[in-house]
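Heads up: the structure comes next, in structure tokens.
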Amino acid sequence: MRLTKLGHACVRLEKDGAALVIDPGVFSGADALAVADAVLITHEHVDHVNDELLRTAMTGNRDLELWTNAAVASQYADFGGRVHTVAHGDVFGAAGFDVRVYGQDHAEVYRDIPIVANTGFAVDGEVFHPGDALTVPEDPVPTLLLPGNAPWLKMSEMIDYGRAVDPQRGYAIHDGLLNANGLRLMENLMTLAAGPSGGTFSRLKPGTSVEL
């Protein structure tokens, strides 16, 4: 399986000629869904779902299907059976990938701001995208997509989360609001996120791919 980091919190996974895209938001690039066969959306915030981009892609490709939580699915009900509602504990297949769902709530930004639904996705038992939450799956996570910067996240929390999940490897996501100085600091601090197993943590530049 090939993992490609796109902008901010968006990644593309590819195998056997199929492509699955997670969280194509407004910072992800205009071509984030160009080759997608399936889309997973963790939650409703615009940095994770670009409404115009998603609607254009689903209108242009009638085979494209979407899996997400009920709050987001309701916004795309006009696409009928191509939109699938999932929740914590669900297991499903999307474009040849096996997906398991973990978590249900977005991390708290501030006590006055309502907490929205958030759905983490583990793909093929290999890659876990937590969305905007620090969900620790009860199953092993070989590859963790580690949120690196957010209004709801402290660096100490990022480090502790990486240690708690304890993957073999981790790649930074949710870094689209950082300038070059912030990215360097984040990359340096990510090295502290290694858990007992001694996994490695790094940042892929947008457009960069790795084989898993």
Side-chain angles (χ1 to χ4, degrees), residues 3 5-11 22-28 40-49 68-69 71-72 87-89 100-123 125-206 208 210:
L3 164 69
K5 166 71 182 298
L6 302 179
H8 192 54
C10 185
V11 298
I22 308 176
D23 281 5
V26 295
F27 306 134
S28 301
L40 310 182
I41 302 294
T42 63
H43 66 286
E44 64 195 60
H45 292 159
V46 297
D47 57 328
H48 293 258
V49 54
T68 186
N69 57 57
V72 178
H88 176 74
R100 184 177 293 271
V101 181
Y102 297 92
Q104 57 188 9
D105 291 330
H106 191 287
E108 182 181 88
V109 178
Y110 189 69
R111 61 179 177 269
D112 293 345
I113 299 176
I115 293 176
V116 302
N118 182 87
T119 306
F121 297 105
V123 181
E126 174 63 46
V127 179
F128 181 58
H129 192 309
D132 280 8
L134 300 178
T135 304
V136 179
E138 57 267 30
D139 302 299
V141 175
T143 303
L144 174 65
L145 301 179
L146 180 68
N149 171 261
W152 50 270
L153 182 68
K154 295 192 299 183
M155 283 294 179
S156 60
E157 294 172 330
M158 178 264 282
I159 293 167
D160 286 343
Y161 181 55
R163 293 182 178 185
V165 177
D166 193 24
Q168 297 173 20
R169 66 193 71 81
Y171 298 107
I173 58 168
H174 218 284
D175 53 7
L177 299 180
L178 293 175
N179 62 18
N181 293 329
L183 289 171
R184 281 195 295 270
L185 176 61
M186 182 195 73
E187 289 181 75
N188 288 336
L189 290 173
M190 283 181 68
T191 61
L192 299 175
S197 300
T200 60
F201 286 83
S202 60
R203 175 179 180 264
L204 300 174
K205 293 182 179 180
T208 303
V210 292

Checking side chain to side chain contact (heavy atoms under 4.5 Å, CB included) against P24, which of I41, V11, V49 comes through?
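For P24, the side chain to side chain contact (heavy atoms under 4.5 Å, CB included) check succeeds only for I41.
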Side chain to side chain contact (heavy atoms under 4.5 Å, CB included) with L145: which of L204, V127, D23?
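Per the side chain to side chain contact (heavy atoms under 4.5 Å, CB included) rule, the option paired with L145 is V127, out of L204, V127, D23.
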Would F27 and L177 satisfy side chain to side chain contact (heavy atoms under 4.5 Å, CB included), going step by step from the backbone distance to the final call?
CA-CA 9 Å; F27 306 134; L177 299 180; 3.9 Å; yes
Determine the minimum heavy-atom distance between [X] and [Y], stating which atoms define it.
{"X": "P130", "Y": "Y161", "result": "CB-OH, 3.5 Å"}
{"X": "M190", "Y": "S202", "result": "CE-O, 3.3 Å"}
{"X": "P147", "Y": "G131", "result": "CG-O, 3.9 Å"}
{"X": "P167", "Y": "P142", "result": "CB-O, 3.6 Å"}
{"X": "H8", "Y": "G176", "result": "ND1-N, 2.9 Å"}
{"X": "A194", "Y": "G199", "result": "CB-O, 3.2 Å"}

To the nearest 0.5 Å, how far apart are [atom1] in [X] and [atom2] in [Y]?
{"X": "T208", "Y": "L6", "atom1": "OG1", "atom2": "CG", "result": "10.0 Å"}
{"X": "W152", "Y": "D132", "atom1": "CH2", "atom2": "CG", "result": "5.0 Å"}
{"X": "L192", "Y": "F201", "atom1": "CG", "atom2": "CZ", "result": "10.5 Å"}
{"X": "L146", "Y": "R203", "atom1": "CG", "atom2": "CZ", "result": "12.5 Å"}
{"X": "N118", "Y": "E44", "atom1": "CG", "atom2": "CD", "result": "10.0 Å"}
{"X": "L40", "Y": "C10", "atom1": "CG", "atom2": "SG", "result": "10.5 Å"}

List the steps and the verdict of side chain to side chain contact (heavy atoms under 4.5 Å, CB included) for L134 and L153.
CA-CA 9 Å; L134 300 178; L153 182 68; 4.2 Å; yes
Residue pair R169, T143: steps toward the side chain to side chain donor-acceptor pair (under 3.5 Å) verdict
CA-CA 5 Å; R169 66 193 71 81; T143 303; 2.7 Å; yes
Start with the C-alpha distance between V165 and F128, add both sets of side-chain angles, then the distance that settles side chain to side chain contact (heavy atoms under 4.5 Å, CB included), and finish with yes or no.
CA-CA 10 Å; V165 177; F128 181 58; 5.6 Å; no
Any sub-3.5 Å donor-acceptor pair from D166's side-chain atoms to S197's backbone N or O?
yes
Considering the options H48, H45, H129, H43, which one meets the ring pair (Phe, Tyr, Trp, His ring centres under 6.0 Å) requirement together with H174?
H48
With T119 as reference, evaluate D105, N69, T68, T135 under the side-chain hydrogen bond (donor to acceptor under 3.5 Å, both in side chains) test and give the passing residue.
N69
Evaluate T42 against H106 for side chain to side chain contact (heavy atoms under 4.5 Å, CB included), listing each step before the verdict.
CA-CA 9 Å; T42 63; H106 191 287; over 6 Å; no
